[in-house]
Amino acid sequence: IALVLLSSLASSMAQQCLPSTCPRSSPTVAQLPANITTTDYFYLAGIFGLHEPGSSPLSCGQVRNRGFQNLEAFLWTVRTFQQRHPGVLKGVSIGAIAFDSCGSSSKIIQQMLNLENCAVGYGNPAVEPGRVLAYIGPDRSSEALTLAPVMGKMKKSLIKLHQDLTTQLTEIYLLTF
């Protein structure tokens with residue numbers, strides 16, 4: 001699976017909120033909490049198509065095995081990163097939070113905006129929007145095309161999981177460092 005950076009590197013430009021002020025909810029698929037007792041921690045947010053699209057824009061259809069494989073790979077990578085690379089990001093805690101896109105661009109944008117605007121407290125403890133370094137996924141190019149401009153305006157990174165990167169994404173989100 002190729003990882004392709006689609007938007008600018010993340011900054012903490014997202015609206016700041018205290019996780020305790022976010023309404024409680026649990027629509028996430030999975031969470032690996034970061035060690036929030038330290039000041040050096042961040043989260044990666046994963047967007048995975050665990051289900052096919054449902055009959056309406058925000059509903060889910062049948063289970064999609066590939067989405068679960070991508071989710072497990074994401075969680076394993078985050079969980080074992082510091083064990084596999086002990087000298088990298090020393091003293092920094094990495095957490096993960098994952099969402100099911102259900103193959104719906106509308107659902108992805110709703111979940112991302114809920115998190116970034118602190119409209120819903122995802123996870124336990126709730127993830128602070130300013131601590132989300134990047135979003136990983138979705139695995140469908142059509143969903144990434146819809147999400148990438150929103151992410152760019154919020155100064156968040158989008159890392160796309162897929163081999164069939166469209167020319168549109170490459171041309172629109174060409175990065176220079």
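What you see is a predicted model; the values in this text were computed from it and never measured.
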Engineer: Please list all pairs passing the disulfide bond (SG atoms under 2.5 Å apart) test where one or both residues lie in residues 66-112, with sequence neighbours left out.
Structural biologist: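 Output for this query lists C60-C102.
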Engineer: Where is the tightest heavy-atom contact between A144 and L158, given as atom of each residue plus distance?
Structural biologist: O-CD2, 4.2 Å
Engineer: Within a strict 4.5 Å, meaning less than it, do heavy atoms of the M112 and K156 side chains meet?
Structural biologist: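 A side-chain contact is absent here, since even the closest heavy-atom pair is not under 4.5 Å.
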Engineer: Has Q82 got a side-chain atom pairing as donor or acceptor with V92's backbone, closer than 3.5 angstrom?
Structural biologist: yes
Engineer: Give a yes or no on whether the backbone of Q83 and the side-chain of T80 come within a donor-acceptor separation of less than 3.5 Å.
Structural biologist: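 Side chain of T80 to backbone of Q83, a donor-acceptor pair under 3.5 Å: no, none is there.
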Engineer: Do V88 and F42 sit in the same hydrophobic cluster, where Ile, Leu, Val, Met, Phe, Trp and Tyr count as joined when their side-chain heavy atoms come under 4.5 Å apart?
Structural biologist: yes
Engineer: Checking T77 now: which residues fulfil side chain to side chain contact (heavy atoms under 4.5 Å, CB included) with it, not counting sequence neighbours?
Structural biologist: R84
Engineer: Of all heavy-atom pairs between L115 and Y135, which one has the smallest distance, and what is that distance?
Structural biologist: CD2-OH, 3.3 Å
Engineer: Specify the closest pair of heavy atoms between A45 and V132, including all atoms of both residues, with the distance to one decimal.
Structural biologist: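 Nearest pair, atom of A45 first, then V132: CB-CG1, 4.0 Å.
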Engineer: Can you list everything that forms a side chain to side chain contact (heavy atoms under 4.5 Å, CB included) with L113? Sequence neighbours excluded, please.
Structural biologist: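 I109, N117, V150, M154.
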Engineer: Quick one: pull up CD in Q111 and CG in L147 and give me the separation to the nearest 0.5 Å.
Structural biologist: 10.5 Å
Engineer: For S56, which residues count as a side-chain hydrogen bond (donor to acceptor under 3.5 Å, both in side chains) partner, sequence neighbours excluded?
Structural biologist: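 Scan of S56 (side-chain hydrogen bond (donor to acceptor under 3.5 Å, both in side chains), adjacent residues dropped) gives S59.
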Engineer: Taking the side chain as every heavy atom from C-beta outward, state whether I94 and L89 have any pair of such atoms under 4.5 Å apart.
Structural biologist: yes
Engineer: Do the non-hydrogen side-chain atoms of F74 and I136 ever get within less than 4.5 Å of each other?
Structural biologist: yes
Engineer: F48 and F68: ring pair (Phe, Tyr, Trp, His ring centres under 6.0 Å), yes or no, with the steps?
Structural biologist: CA-CA 8 Å; F48 302 99; F68 279 95; 9.7 Å; no
Engineer: Search all heavy atoms of I47 against all heavy atoms of S101 and return the closest pair with its distance.
Structural biologist: CG2-CB, 3.8 Å
Engineer: Determine whether F81 and W76 fall in the same hydrophobic cluster, where Ile, Leu, Val, Met, Phe, Trp and Tyr are linked whenever their side-chain heavy atoms lie under 4.5 Å apart.
Structural biologist: no
Engineer: Got a sec, which residues hit salt bridge (Lys or Arg N to Asp or Glu O under 4.0 Å) with E52, two or more places apart in sequence or on another chain?
Structural biologist: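 For E52, the residues satisfying salt bridge (Lys or Arg N to Asp or Glu O under 4.0 Å) (neighbours in sequence not counted) are R64, R140.
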Engineer: Which heavy atom in E143 sits nearest to a heavy atom in I108, and how many Å separate them?
Structural biologist: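 Closest approach of E143 to I108, heavy atoms only: OE1-CD1, 3.4 Å.
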Engineer: Determine, stepwise, if the pair V63 / L50 fulfils side-chain contact (heavy atoms from CB on, under 4.5 Å).
Structural biologist: CA-CA 6 Å; V63 170; L50 303 177; over 6 Å; no
Engineer: For S93, what residues pass the side chain to side chain contact (heavy atoms under 4.5 Å, CB included) criterion, not counting sequence neighbours?
Structural biologist: A34, N35, T38, Y41
Engineer: In chain order, what residues pass the side-chain hydrogen bond (donor to acceptor under 3.5 Å, both in side chains) check against D40, with sequence neighbours excluded?
Structural biologist: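 side-chain hydrogen bond (donor to acceptor under 3.5 Å, both in side chains) check on D40 returns nothing, list empty.
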Engineer: Heavy atoms only: give me the nearest S106-L58 pair and the separation to one decimal.
Structural biologist: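 The answer is C-CD2, 3.9 Å.
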